[in-house]
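In what follows, every heavy atom counts, from backbone to side chain, and hydrogens, waters and symmetry copies are set aside. In this chain, residues are counted from 1 in sequence order. Counting convention: from 1, in listed order, for ligands and their atoms alike. Remember, predicted model here, so these are calculated numbers, not experimental data.
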Amino acid sequence: MYDETLPTVEQLEVDELVCWRVHTRHGELLMTQQGAQVLSYQPHGEEPVIWLSGQAAYQKGKAVRGGVPVCWPWFGDLRRNPAEIQGMHQGGPICPAHGLVRERDWTLLGIDSEGPAVRLDFALDTASEPLPGWPHAAELKLSILMDEQLRLTLSTRNTGDRPLAISQALHSYFAVSDIQGVEVEGLDDCRYIETLEDWQERKQKGPVSFRGETDRIYLETPRRMAIVDRAWKRRILLEADGSASAVVWNPWIDKSRRLSQFAEDAWKGMLCIETARVMDDFLVLRPGEEQRMVLNISSTPL
Ligand code: TA6
């Protein structure tokens, strides 16, 4: 007799990409080998927690819009990174936004079920699979554990003989009822960089609410922050370890028109909160050193 409480993992092809659909008694997850990218995550009986664009393209070498792209070995525009990180790049013009690994296939190390939970482990070894313009040896791993929550652990080990300077982010797209009615709790009194106003430094007062394009880098962030969504009567809780910076982004109306794989009104239903190591919170790894960044995502009723 089939025991429906046991998890199921199905490997499938979505257009050009190898994907896995994981179904457990808690919810459903879809992820792809390209970029070891979580694409969607929905607890049973709830609205999706992780947002995926309705115009997502599943093509080799093109990051899928939505889910949790991994930004590494730099976040954002390389030229806006600290000099130590810029110095790690020794290539010519090849320096795409958000680094070099979200458009490459990672190696599946394994899929394990632990009772009602499922864990998928991926790795990318830059010694055996060099990144263009970034001639350094590192072992990058992402572990995704789905039980009643979703836990992502991104680890970097410096397998070379010189220090590594890296900025990174789990660029999580969250699904919201309407960005105009949600708030982000937990960032009160945090310093942030207002990238839309000449990268000036500001200080957050109270919860973050949204009345226009928002693209802020918060610094000295606490372990816990939450998206409060009164219309969907839920709070999405983010708990981070090994990260003291976070990016809060919504493109709003005008920027949405310039984004690929993004419907004109998609800005209303999504919000990025990106658990990061950026700006003065970037990673420095001695030879042989490993550092981890953990993000635990859960949703609770309001
Ligand atoms: O994390 C915020 C951000 O840097 C925005 O400025 C916007 O560019 C977004 O990332 C999406 O970047 P992408 O390269 O995925 O289109």
Side-chain angles (χ1 to χ4, degrees), residues 17 32 34-40 50-82 85-86 89 93-104 131 152 154 166-176 179 184 187 190 192-200 202 208 210 212-219 221 225 227 238 240 243-264 266-279 281-282 293 295:
L17 299 185
T32 180
Q34 178 171 274
Q37 186 173 343
V38 168
L39 296 177
S40 63
I50 295 293
W51 177 88
L52 178 61
S53 173
Q55 299 189 351
Y58 301 85
Q59 295 164 0
K60 283 283 184 203
K62 184 197 283 264
V64 181
R65 176 73 64 195
V68 185
V70 176
C71 304
W72 190 95
W74 65 80
F75 169 81
D77 180 345
L78 181 61
R79 296 160 301 184
R80 285 282 188 181
N81 272 264
I85 292 169
Q86 295 190 47
H89 185 261
I94 305 173
C95 48
H98 295 327
L100 299 166
V101 300
R102 58 179 178 163
E103 295 161 354
R104 297 170 72 98
L131 299 179
L152 286 81
L154 182 68
I166 287 166
S167 62
Q168 64 183 27
L170 290 169
H171 195 300
S172 309
Y173 286 75
F174 292 98
V176 296
I179 188 66
V184 176
L187 294 171
C190 282
Y192 69 88
I193 296 170
E194 179 52 87
T195 69
L196 301 175
E197 289 178 31
D198 202 25
W199 289 61
Q200 290 170 26
R202 299 264 168 79
V208 185
F210 301 88
E213 182 180 353
T214 306
D215 196 346
R216 298 175 180 174
I217 301 171
Y218 284 85
L219 302 167
T221 48
M225 59 190 82
I227 300 171
L238 284 70
S243 158
S245 48
V247 179
V248 176
W249 175 59
N250 182 281
W252 215 255
I253 300 166
D254 294 344
K255 178 139 190 187
S256 292
R257 296 192 177 116
R258 304 195 297 274
L259 287 175
S260 60
Q261 306 175 56
F262 203 81
E264 192 158 328
W267 59 274
K268 289 181 182 171
M270 53 69 69
L271 170 60
C272 281
I273 298 185
E274 304 154 37
T275 307
R277 292 294 301 264
V278 296
M279 308 315 286
D281 183 40
F282 70 88
M293 182 171 79
L295 170 61

Please could you name the atoms of ligand 1 that [X] approaches to less than 4.0 Å, counting only its heavy atoms?
X      : result
Arg102 : 13 (P), 14 (O), 15 (O)
Lys255 : 6 (O), 7 (C), 8 (O)
Phe75  : 1 (O)

Is the ring pair His98/Phe75 parallel, tilted or perpendicular, if the boundaries are 30 and 60 degrees? tilted
Measure the acute angle between the ring planes of Trp267 and Trp252, then classify it against the limits of 30° and 60° as parallel, tilted or perpendicular. tilted
Output yes when Lys62 and Glu103 qualify as a salt bridge under the 4.0 Å nitrogen-oxygen rule, no when they do not. no
Can you tell which part of Arg216 has a heavy atom less than 4.0 Å from ligand 1: side chain, backbone, both or neither? neither
Tell me which one of Glu213, Gln261, Arg65 gets a heavy atom nearest to atom 16 (O) of ligand 1. Arg65
Where the side chain of Asn250 meets the backbone of Glu213, is there a donor-acceptor pair that is under 3.5 Å apart? no
Is Gln261 reaching over with its side chain to a backbone N or O of Arg65, donor-acceptor style, under 3.5 angstrom? yes
Would you check the N or O atoms of Trp249, main chain and side chain alike, for any that come under 3.5 Å of an N or O of ligand 1? no
Tell me, please, whether Phe282 has Arg277 positioned over its six-membered ring: NZ or CZ under 6.0 Å from the ring centre and within 45 degrees of its axis? no
How far is [atom] from the closest protein heavy atom, and which atom is that?
atom                    : result
atom 6 (O) of ligand 1  : Asp215 OD2, 2.6 Å
atom 12 (O) of ligand 1 : His98 NE2, 3.4 Å
atom 1 (O) of ligand 1  : Glu274 OE1, 2.6 Å

Distance flag, aromatic centroids of Trp51 and Phe262, threshold under 6.0 Å: yes
